[in-house]
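None of these values were measured; they are calculated from a predicted model. Residues: numbered from 1 along the sequence shown. Hydrogens, waters and symmetry mates are skipped; everything else that's a heavy atom, side chains included, is used.
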Amino acid sequence: MMGFQVLETSKLLNYARARSLWIVTFCTGCGGVELPPTATARFDFERFGIISTPSIRQADLLLITGYVTPKTLKRIIIVYEMMRNPKYIIAHGSCPVNAGIYWDSYNTVKKLDLYIPVDVWIAGCMPRPEAILRALVKLMKMVKEGKALGWKRYLENFEFYRKNQDRLFGKDWRKREIEKLRFYIHD
Ligand code: SF4
């Protein structure tokens with residue numbers, strides 16, 4: 001009986017999470033320009049209970065909307081780690097998958113999922129708002145069924161992600177980034 005009640009509670013929680021995903025407003029690459037039309041009157045992702053928030057602590061979803069440079073990836077990782085669990089990532093456009101048209105650039109991250117866990121990928125350069133909506137609906141379904149588990153993978157395989165991050169940025173990069181960010185914070 002007890003087990004039955006716990007299962008039902010988790011189902012209810014997953015349903016609630018799926019119906020109110022808040023997106024942190026952090027755009028990368030050119031794909032960010034597809035988000036305003038996806039959010040506004042014509043395509044309107046708010047009908048799914050999705051809204052944008054500037055607050056990292058209150059957001060559930062991080063959208064990576066295009067190519068990522070190592071410098072941007074450091075900030076993405078810090079933002080992702082500051083978000084509360086459970087949290088989800090959608091990577092949008094061909095660039096996060098395999099660096100797209102920047103495949104031979106010295107300054108573009110080639111495989112995003114070596115550094116952070118992606119739940120849903122959207123291929124295309126650049127994807128239309130319908131494709132973004134489709135990915136959002138897919139993520140909602142995964143959250144409802146308890147299958148969007150990138151945040152768990154990150155915790156369980158932290159050593160793997162950390163090793164790849166350190167290889168790209170050099171050891172102690174977190175400390176150096178925090179020192180840099182402190183420069184912008186007035187005590
Ligand atoms: S996939 Fe295309 S649109 Fe998206 S960031 Fe790369 S080049 Fe820009």
Side-chain angles (χ1 to χ4, degrees), residues 14-56 58-81 83-105 107-154 161 164:
N14 284 343
Y15 177 79
R17 285 173 183 143
R19 296 300 302 185
S20 72
L21 291 170
W22 287 22
I23 302 178
V24 61
T25 42
F26 187 120
C27 291
T28 66
C30 7
V33 299
E34 286 297 317
L35 282 184
T38 311
T40 47
R42 183 165 175 207
F43 295 99
D44 183 20
F45 65 35
E46 282 193 18
R47 63 199 152 116
F48 300 128
I50 296 169
I51 59 169
S52 303
T53 173
S55 165
I56 294 167
Q58 289 176 314
D60 317 285
L61 175 55
L62 181 58
L63 283 182
I64 312 296
T65 55
Y67 61 83
V68 171
T69 63
K71 198 170 174 181
T72 311
L73 184 58
K74 288 179 196 164
R75 302 306 204 269
I76 289 174
I77 292 167
I78 289 172
V79 165
Y80 180 68
E81 290 183 355
M83 290 166 68
R84 295 166 66 102
N85 288 325
K87 52 196 173 186
Y88 316 102
I89 296 181
I90 293 181
H92 156 180
S94 303
C95 285
V97 180
N98 57 10
I101 59 171
Y102 303 112
W103 62 273
D104 61 348
S105 164
N107 199 29
T108 307
V109 173
K110 304 293 182 296
K111 276 178 170 279
L112 191 61
D113 57 350
L114 289 178
Y115 309 99
I116 45 168
V118 177
D119 293 287
V120 179
W121 300 92
I122 314 173
C125 176
M126 64 183 49
R128 281 193 50 81
E130 291 95 327
I132 304 173
L133 287 185
R134 192 156 180 209
L136 290 168
V137 170
K138 184 179 164 76
L139 181 70
M140 285 167 69
K141 190 165 179 281
M142 286 168 66
V143 172
K144 194 171 154 205
E145 292 171 357
K147 291 180 181 165
L149 297 173
W151 61 277
K152 245 187 187 172
R153 282 204 308 280
Y154 194 68
Y161 289 108
N164 293 335

Working for side chain to side chain contact (heavy atoms under 4.5 Å, CB included), residues Leu61 and Trp22
CA-CA 6 Å; Leu61 175 55; Trp22 287 22; over 6 Å; no
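- Counting heavy atoms from C-beta outward, Ile50 and Leu136 have side chains that approach closer than 4.5 Å.
- Legend: side-chain hydrogen bond (donor to acceptor under 3.5 Å, both in side chains) pairs involving residues 133-142, not counting sequence neighbours, sorted by first then second residue: Lys141-Glu145.
- Every side-chain contact (heavy atoms from CB on, under 4.5 Å) that Ala39 has, sequence neighbours left out, goes to Phe45.
- In this structure Lys152 satisfies the side-chain contact (heavy atoms from CB on, under 4.5 Å) test together with Leu149, Glu156, sequence neighbours excluded.
- Within the structure, every pair that satisfies the side-chain hydrogen bond (donor to acceptor under 3.5 Å, both in side chains) test and touches residues 121-130, not counting sequence neighbours, is listed here: Arg128-Glu130.
- Within the structure, the salt bridge (Lys or Arg N to Asp or Glu O under 4.0 Å) test picks out no pair touching residues 107-126 (sequence neighbours left out).
- For Arg47, the side-chain contact (heavy atoms from CB on, under 4.5 Å) criterion is met by Asp44, Leu133, not counting sequence neighbours.
- Side-chain atoms of Met83 and Ile56, non-hydrogen and from C-beta on, do get closer than 4.5 Å to each other.
- Between Leu112 and Leu73, some side-chain heavy-atom pair lies under the 4.5 Å cut-off.
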Sequence neighbours left out, cut at 3.5 Å: what donor-acceptor pairs do the side chains of residues 91-104 make with other protein atoms?
from	atom 1	to	atom 2	distance (Å)
Ser94	OG	Gly124	N	3.3
Ser94	OG	Gly124	O	3.3
Asn98	OD1	Gly100	N	3.0

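- Annotation: side-chain hydrogen bond (donor to acceptor under 3.5 Å, both in side chains) contacts involving residues 66-81, sequence neighbours excluded, comprise Thr69-Thr72, Arg75-Glu177, Glu81-Tyr154, Glu81-Arg174.
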Identify each donor-acceptor pair in which a side-chain atom of residues 23-36 lies under 3.5 Å from a protein atom, sequence neighbours left out, and give them as a table.
from	atom 1	to	atom 2	distance (Å)
Thr25	OG1	Thr53	O	3.4
Thr28	OG1	Thr65	N	3.2
Thr28	OG1	Gly66	N	3.2
Thr28	OG1	Gly66	O	3.4

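- Among pairs with a residue in residues 133-153, none fulfils ring-ring contact (aromatic ring centres under 6.0 Å, His included), at least two apart in sequence or across chains.
- For the side-chain hydrogen bond (donor to acceptor under 3.5 Å, both in side chains) test, residues two or more places apart in sequence or in another chain that qualify with Ser105 are Thr108.
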